[in-house]
Structures are given as structure tokens and as C-alpha cells.
Amino acid sequence: MDTFQSLLAKKLSDALARAGLPDAGELTQATDPRFGDYQTNAALVLGKQRGENPRALAKKIVPHLDVDDVSEPPAVAGAGFINFKLRPAAIEKQALDVLRNGRLGVPETESPQRIVIDFGSPNVAKPMHVGHIRSTVLGDALARVAVFLGHEVIRDNHIGDWGTQFGMVIWGWKNLLDRKALQRDPLAEIVRIYKQTNEGASRDPEVREAGRQELVKLQAGDKENTDIWNECVAFSMQDFERVYKLLDVHYDLQCGESFYHDWLPGVVDRLLKAGVAEISEGAVVVFFRDDPELTDKPLIIRKRDGGFNYATTDLATIDYRVNDLKADAIWYVVGAPQTLHFKQIFAVTRREGYSTDLRHIVFGSVLGEDRKLMKTRSGENVPLRELLEEACRRARKIIDEKNPDLGEEEKNDIAEKIGIGAVKYADLSQYRTTDYIFSWDKMLLLHGNTAPYLQNAYVRIRSIFRKAGELDGFKLSSLPSFKLSELAERNLAKRLCQFAEIVPQVLTGFRPNILANYLFELANSFHAFYESCPVLKSDEPARSSRLALSDLTARVLQRGLDLLGIKVPERM
RNA sequence: GCGCCCGUAGCUCAACUGGACAGAGCGUUGGCCUCCGGAGCCAAAGGUUGUGGGUUCGACCCCCGCCGGGCGCACCA
């Protein structure tokens, strides 16, 4: 089905053709309600192209616009904008179409792709910390939106399970391990031995060398070291899984760096043979002499000592994703510090002739209240699991105050939905590339642009329907058409119709925050409607129409929040 | 030194990638509960978009120069 936007855009194209003008400009939601509901700058763009007066062009276009069924007569305004104001009858009809449409009117993409999304990527032998939250939450949301729009998505957790740190971990395991501590809290013990070994290595060259030897043995396939490595990976994965369960994040694939280990020599050989890479100062290096930005930034793919680094691994990973997984696109949801790295990697693959659509989706950092990278008091990274559990605890405390009569089990369930939702929403509602300051108080606020505010709007609607069921056994299947007599009703209905216009935009520019902002405005519109239009106490046909409007709001809220990976409670 | 990102109300952030008088929330001030959940609604005050130029019908957005902050630049991932 068409949205208002796509419908008006088509009608605009037709009108331009009839007026003997080329297609130009765009048709968008109005920037301000006083201009109407939709607007086009076609006349302005054409005016510039042809050196003609924009207002005169607009006046020439308007008579050719056949929009009588949806819009009041279009008006020329300002420098040459053409404004459209929707007719109430058109809103009623469109809202009904959306209500009956299983996808809430959201169109499927016309060019479905197979997309590998690389996000999360924690390191083994370290707990996940706040630094991982944006990648994980953002990547998951983008995956959900892409799936909903009809793409085939492979969520891949590129776990850091093969770094040089393993030499240290294995040496520590053999020399410092406390078995009892390992049983109590495996990951904490692994972190302890790693840190202690690291400190030892920085003082004592012999320890460092011993660690290096353990790494060499591991990479050569030594049985004992491989077993230790496997155990460390398994313990880490347990920690990750707990976090993923809390976050409701799931992967289709968890191919860590170790997965690509055997292919690295082949990658280097191939690039050497193809003349893409060359030997320089004993290392194998790719130079980008024709690229002014990278000309003085060579990429090492084999170190002087013969070892490979993560650039090599990333190249092998692209091979796998393109050749075996048949990816049309690969999205890397990875922090901004790696911008240069990905530019280099992408440049290499272009030189090799890959046509895959590679995107580095950067994001800003999570800062503490002091505007520095968020750390604990002692300067450590904040473990993600503890942060999430704290969010749930704080949510639980609020529920105890607001709604003490709920059962224990339900309270915990709600607390999890609110606490986790608040953390995710604080992240996703922000523009992707800006750093943001993590604040418990602001995040769990019950009003303002927060997850609890949106969840509350949903809960109020559910409450209406519980009551409706008690009163007269109301059933949604018997819905009549919309009758939107009040301004607040029409505003809400228009907003609901816009969901279909907003969702596809999330992927152009990878901006879940526009969906978050839309949902916030939707909740605003609903609350305004709720205040001024009684639902259950009104007479027919308004009553049924308002119930339908409420139902549709609940469904859009639920679906929209689901696309952000946020759950809604029935009560809170 | 070179490159990338950032600077918007007291605070935290938007602004649909060049559109109309730069919008929200928090906080502040003032209203609204005989009414479906007040975890709500309505309203007011608050701005030279870091700064100086430029491009054009039109600039928070693009270009150039400053100021201030963050990050990255050959063998860590």
C-alpha cells in the first residue's frame, strides 16, 4: 500500500510531466504544521536549474496536480514551496488501511539484499563492558529494521578470540591459576591471571618471552594450550550469553577471529601474487599510492616476524562473507577510532575487485558524568552485566513505589523490561555519531524522551482495553471505520500513518534515532488525544473509532519499540 | 605535523543530509484530577547554532581561516 508521502510523490511526478517539466526536488513531511502536512520544493529546485522564478513555476505546476482525493487544494507559499493539507476523509481512509495492513503500512524493500551485520564483537578473557553497549544495541536494532523491511540478515558476532593476549592468559593459567576461584567466578579469575601476567611481563622480560612462546605453541596447534584456550573461550561465552539474554540479542553466526586463522597465509599470498601487496622492511604491506588520503598510511598484513595481525583477519573475514555467505553488503557496527582501519581494508577489497557494499557504521562513545570515557571509580571499565542489572534494580524500586500491589514475579518482569529498555533507548534515541553522557537519573526518568514514557503510553492503552473487556466484552474484530471529528484524533491518526514513512528512513544513514523520536512524538500525540477525547465514555460512533485509534497506537508503539529491541509490559 | 569526528537554550539532546520564524526533554515559573492510570496534559520564560569570512533565492548543514575538545596515524587487537 502507498503512504501519503509515496502517493503524493507519484502525483507530483505526474503533474510535472503534464506541465512539461522534468522530475525534480522531493516531497517530504511538512517541516511545520502551519504549512500543512506535506510539502515539495520541486519548484525551487527547478527554478535554480532553469534560472526561472520559483514561485511562477510553482503556480504553473499546481493546476496539474491531481490530488483532490487526498489533499485540500495545494498552496504556493514562501519562496515557492507547494504545500499539501490532508483531507480528514483521506486520513480516515488511510488509517483504516494501516489498521488492516499486517505490516502497519510499512512497504517492503524493492531491492532485498543479503546483509552481514558485524556487531558486538567482545573480546574473550575480558568481561563485556559499557564500551560494547552501543555496538550491540545499535547493530541489533539495525538488524531488526533490515529484517522487517525484507532484507536477509546474518548477524555475525566477530569475537576477539585470537589475539596476542592469549600468550599471557595461557602462561598465567599454567603458573598462577587458582582453581577454586575459577569455579566461583571463572571470568574474574581469568581476568586476574591475565592482568597479573601482564604486569609481570612489563617488569620481567623472561615472563614476556614465556608468554610469547605460549602463543606460538597455541598457534601451532599445541594440544595442551588449545585445551586451555577452549576453556577460556567457553567461560567467556557464558558471560556473553548472560548479557545477550538480558539484552534479548541473538546472533545467527559467531565466527570469531580464530575461525579465520588457517586462511591468513593464503590471503597474504594472494595479495602478493596479485601485486596488491609488497614486501617492505621485512613486512608484507599494502600501499595506497593513488589515494591521497591513504598515501602515507600503509597497511601491514604480515609482520616482520611472520605473524599476522587483525587486518589480515578482517580481509579473510570479508572473503568468507562474500564467497561463502554470499553477502551483498557487510555492515560493521564498530567505534569511530577504527575509521582509518576500515578505510584501508575497504580499499584493499576494492582493489581486488569486490563489489560488495561495505559500510563502517561508526558511533560515538559512552561518557561518564565527567565527560570522560565511562569508568568505575577505580578507573576500570564498567562491566555491562552489572550495569544492566543495576538498571533493573532501579526500575524495580520505582515500581515498588508506584504500583506496590503487583505480584513479585510480575514486578521483576516489568523491572527488566523497563530497566533494559531504558538503557537501550537512551542509546538509540541519540544521533549515532555523537558521544553521549550516561546518566541513570535521566535514563530512568518516567517522563521526557525515555523508554518508560513510551512504555507507559502503551500500558495506558492496554488498561483501556482491559476495562473495555470488563464493561461490554469489547472485541477488536468488530471494528467499524474511523470517524475523526476532533483535532487531537486527526493529529494522532496522521502520526500513525507516518510510521510507514519513518521506518525505511532508519536504514538511510543508519539512524534508529529517527524512529525513536517518531515514537516519542506518537506517544505525545496519544497522550494529548487521551486527555481531550474520552474513549470508553463517549457515544458511538466516536467510541468505536477511538478504541480503534487506541488499538492502532498500541500496535505501532509495540512494533516500533520491537524494532529497537525494546519490550513493552502490559502493566507497570 | 597530517587526517577524521565534535562544538546548538543553564543541563542532556533534535533538526528528515541545503528549505520556511532552529525544536524537544530536564530544570525554573504558572495552570489542569466529581473524568478511561497524574508514570499524564496545557502554557510561559530561556538562542547572534564556538568564532570570522565565503558560496545562493535560502546555511546548524557546503567551502576557507581561526578558537576549544576527543580520537587516529608501520608490525596491539
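Chain identifiers are assigned alphabetically (A, B, ...) following the order of the sequence lines, protein sequences preceding nucleic acid strands; residue numbering begins at 1 within each chain.
The 5' end of RNA chain B is approached more closely, in terms of each residue's nearest nucleotide, by A:Glu293 than by the other of A:Glu293 and A:Asp435. When the nearest nucleotides of RNA chain B are assigned to A:Asn83 and A:Phe520 by heavy-atom distance, the more 5′-ward of the two goes with A:Asn83.
Look at NE2 on A:His341: it is 22 Å from P on B:G3, rounded to the nearest Å. Spacing between atom OH of A:Tyr436 and atom P of B:G25 amounts to 21 Å, rounded to whole angstrom units. The OH-P distance, from A:Tyr431 to B:C60, rounds to 17 Å in whole Å. The nearest whole Å value for the distance from the CD atom in A:Gln165 to the C1' atom in B:C76 is 9 Å. Rounded to an integer number of Å, the gap from A:Arg432 CZ to B:C16 C1' is 15 Å. For the pair A:Ile279 CD1 and B:C75 P, the interatomic distance rounds to 18 Å; values are reported in whole Å. A:Asn456 places its CG atom 11 Å from the P atom of B:G37, with the value rounded to the nearest Å. A:Phe342 has its CZ atom 11 Å from the C1' atom of B:A77, to the nearest Å.
A:Tyr530 comes within 4.0 angstrom of a nucleotide base, judged by non-hydrogen atoms across all strands. When heavy atoms are screened at a 4.0 angstrom cut-off, A:Leu299 is found touching no nucleic acid atom at all. Using a 4.0 Å heavy-atom distance criterion, A:Thr28 is classed as making no nucleic acid contact. Using a 4.0 Å heavy-atom cutoff across all strands shown, A:Val362 reaches no nucleic acid atom at all. Among the atoms of the strands shown, only primed sugar atoms or phosphate atoms (P, OP1, OP2) are found under 4.0 Å from some heavy atom of A:Asn517. The residue A:Ser439 sits apart from the nucleic acid: no heavy atom pair falls under 4.0 Å. Note on A:Ile514: nothing from the nucleic acid sits closer than 4.0 angstrom, heavy atoms only. A:Asp305 comes within 4.0 angstrom of nothing in the nucleic acid, heavy atoms only. Among the protein residues, A:Asn53 comes within range of no part of the nucleic acid, since none of its heavy atoms lies under 4.0 Å from any strand.
At a cut-off of 3.5 angstrom, the base of B:A20 holds at least one donor-acceptor pair with the side chain of A:Gln39. Below the 3.5 angstrom threshold, one finds no donor paired with an acceptor across the side chain of A:Lys343 and the base of B:G72.
A:Tyr38 has its side chain within reach of A:Glu501: a pair of non-hydrogen atoms, C-beta onward, lies under 4.5 Å apart.
Ring geometry, A:Phe259 versus A:Trp263: the interplanar angle exceeds 60°, so the pair is classed perpendicular (tilted spans 30 to 60°).
Look at A:Arg555 and A:Asp551 and you find a salt bridge, because one of the NZ, NE, NH1 or NH2 atoms lies within 4.0 Å of a carboxylate O, short of that distance.
Taking a centre distance below 5.5 Å and an interplanar angle below 30 degrees as the stacking criterion, A:Phe35 stacks against the six-membered base ring of B:A20.
A:Tyr453 and A:His527 have their aromatic ring centers within a separation under 6.0 angstrom.
When only modelled atom types and interatomic distance are considered, A:Arg396 and A:Asn412 share a side-chain donor-acceptor pair under 3.5 Å.
Side chain of A:Thr434, nearest nucleotide from B:C13, B:A20, B:A74: B:C13. Here the nucleotide nearest the side chain of A:Thr31, chosen from B:U17, B:A20, B:C73, is B:A20. Listed nucleotides: B:G19, B:A77, B:U56. Nearest to the side chain of A:Asn309: B:A77.
When the P atom is compared between B:A9 and B:G47, the two are found 10 Å apart, to the nearest whole Å.
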